[in-house]
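A quick write-up on the structure given underneath.
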Number of protein chains: 2
Amino acid sequence: MSPGVSRASIMRRQAAPMRDDDIANIMRALGHPVRLEILRILASQQGQCCCGDVTESLTLAQSTVSQHIKVLLDAGLIERKAQGTRNRYCISHDKLGELNSAFGGLLEGLAPLVASKEAEPA
Amino acid sequence: MSPGVSRASIMRRQAAPMRDDDIANIMRALGHPVRLEILRILASQQGQCCCGDVTESLTLAQSTVSQHIKVLLDAGLIERKAQGTRNRYCISHDKLGELNSAFGGLLEGLAPLVASKEAEPA
DNA sequence: ATGTTCCATCGTAATCCACCGATCAAGCAT
DNA sequence: ATGCTTGATCGGTGGATTACGATGGAACAT
């Protein structure tokens with residue numbers, strides 16, 4: 001009873017299952033529209049993005065943007081690599097994968113039917 | 001190049017695509033371990049759960065629990081149905097479905113490869 | 001050394017959040 | 001009506017977040 005590969009199957013693969021605290025932390029990091037926007041900006045400029053670039057597209061002070069970036073950094077959602085005089089940021093695909101798994105697991109725990117909706121196209 | 005049915009396919013089905021604000025709101029609601037726990041409690045006692053029950057398993061004051069419940073309620077993640085002298089709470093599977101879609105869409109926007117990892121088992 | 005650019009960090013104000021005890025309305029008894 | 005239970009909401013406190021401008025250190029130039 002599982003035609004496609006569902007959320008469930010993605011789940012068991014990463015090492016640590018992620019505790020509620022970790023999940024909550026990441027969720028909180030995702031819990032601000034500006035940070036979602038920052039993530040999208042980073043995603044669109046794959047690996048080529050520094051704080052200034054982000055700031056330019058955001059009508060917010062540089063310090064504020066830097067702070068938001070720090071939140072994402074602390075949550076592990078993005079990575080920093082210093083390069084010369086500036087810092088480049090990029091999305092952590094590893095973490096995103098982990099998150100994907102954890103989130104799938106969470107949903108599954110809450111509502112199995114929802115998490116594997118593929119099986120039930122109605 | 002897409003054997004199973006991926007996150008992507010789940011996505012296009014709900015009506016409203018959910019704005020960043022909405023997503024952020026829900027994420028923030030999920031951004032506290034106690035609220036995750038409450039959701040799990042509700043899930044385990046399908047539809048039979050009132051505030052007092054939740055409070056009993058949580059070493060927190062009733063008012064605090066009620067407040068957490070309100071956050072989940074406002075985010076649309078759970079539903080209240082008054083019943084006599086008490087209120088029953090249950091998980092909103094509809095909202096969870098929406099969330100699943102929105103989250104999948106978000107991840108896909110951030111990292112297509114991650115969102116549809118099924119195709120790439122390595 | 002002097003200057004420039006980039007940006008993390010500090011200091012600060014306003015707002016929000018998490019928690020609590022206390023209160024109060026609603027339902028159901030008696 | 002009187003009382004009991006349930007739970008939403010109020011008021012308050014302490015700590016976190018969000019925003020800003022200002023500071024300062026690092027990397028590169030000159």
Side-chain angles (χ1 to χ4, degrees), chain A residues 19-39 41-42 45 47-92, chain B residues 20-42 45 47-92:
Chain A
R19 279 161 305 127
D20 271 6
D21 264 348
D22 304 323
I23 299 181
N25 274 337
I26 294 183
M27 291 302 178
R28 219 177 316 132
L30 292 176
H32 195 295
V34 166
R35 288 195 285 267
L36 293 180
E37 186 59 26
I38 291 178
L39 285 177
I41 291 170
L42 292 187
Q45 321 257 18
Q48 292 295 88
C49 231
C50 59
C51 180
D53 298 336
V54 178
T55 302
E56 265 178 28
S57 34
L58 275 185
T59 65
L60 279 174
Q62 177 266 321
S63 55
T64 305
V65 172
S66 187
Q67 223 168 310
H68 279 302
I69 285 178
K70 182 165 167 35
V71 173
L72 294 170
L73 211 46
D74 288 347
L77 287 167
I78 64 178
E79 282 158 17
R80 160 159 57 197
K81 29 188 110 162
Q83 192 216 30
T85 179
R86 65 189 63 192
N87 285 327
R88 302 281 179 91
Y89 291 96
C90 62
I91 292 196
S92 164
Chain B
D20 270 6
D21 263 347
D22 304 323
I23 299 181
N25 275 337
I26 295 184
M27 291 303 177
R28 220 176 315 131
L30 292 176
H32 195 293
V34 166
R35 289 197 284 269
L36 293 181
E37 186 58 26
I38 291 178
L39 285 177
R40 270 198 260 274
I41 292 172
L42 293 186
Q45 321 258 17
Q48 294 294 89
C49 230
C50 59
C51 180
D53 298 336
V54 178
T55 302
E56 265 177 29
S57 35
L58 275 184
T59 64
L60 279 174
Q62 177 267 322
S63 57
T64 305
V65 172
S66 187
Q67 222 168 305
H68 278 302
I69 285 177
K70 182 165 166 36
V71 173
L72 294 171
L73 211 46
D74 288 346
L77 287 167
I78 64 179
E79 282 159 17
R80 159 159 57 198
K81 27 189 110 161
Q83 192 216 32
T85 180
R86 64 189 65 193
N87 285 327
R88 310 260 230 78
Y89 291 96
C90 63
I91 292 196
S92 163

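Per chain, numbering begins at 1; letters A, B, ... match sequence-line order. All heavy atoms count here, side chains included; hydrogens, waters and symmetry mates do not.
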Are side-chain heavy atoms of [X] and [Y] found at a separation under 4.5 Å?
X      : Y      : value
H32(A) : H68(A) : yes
L30(A) : L30(B) : no
I91(A) : L77(A) : no

In a check of side-chain contact (heavy atoms from CB on, under 4.5 Å) between I38(A) and each of T55(A), L72(A), L60(A), which one passes? L72(A)
Is there a side-chain contact between [X] and the phosphate of [N], meaning an N or O under 4.0 Å from OP1 or OP2?
X      : N       : value
S66(B) : dA8(D)  : yes
H32(B) : dC19(C) : yes
T85(B) : dT5(D)  : no
N87(A) : dA8(C)  : yes
Y89(B) : dA8(D)  : yes
H68(A) : dA19(D) : yes
S63(A) : dG21(D) : no
R80(B) : dA8(D)  : yes

Residue pair C51(A)/V65(B) against DNA chain C: nearer the 5' end by closest nucleotide is C51(A)
Taking for each residue the nucleotide of DNA chain D with the nearest heavy atom, is it R86(A) or A61(A) whose nucleotide lies nearer the 5' end? A61(A)
Judged by nearest nucleotide, the residue sitting upstream toward the 5' end of DNA chain D, G31(A) or Q83(A), is G31(A)
Side-chain atoms of Q62(A) come closest, of dA22(D), dG7(D), dC19(C), to dA22(D)
Choosing from dC7(C), dC19(C), dG7(D), which nucleotide comes nearest the side chain of C50(A)? dC7(C)
[atom1] of [X] versus [atom2] of [N]: gap in Å, rounded?
X      : N       : atom1 : atom2 : value
D74(A) : dT18(D) : CG    : P     : 12 Å
R88(B) : dA8(D)  : CZ    : P     : 14 Å
L58(B) : dA18(C) : CG    : C1'   : 14 Å
R28(B) : dA18(C) : CZ    : C1'   : 15 Å

Is there a donor-acceptor contact under 3.5 Å from the side chain of D22(A) to the main chain of R19(A)? yes
Select base, sugar-phosphate, or nothing to describe what I69(A) touches, counting heavy atoms under 4.0 Å on all strands. nothing
Counting any heavy atom closer than 4.0 Å, what does R35(B) reach on the DNA or RNA strands: base, sugar-phosphate only, or nothing? sugar-phosphate
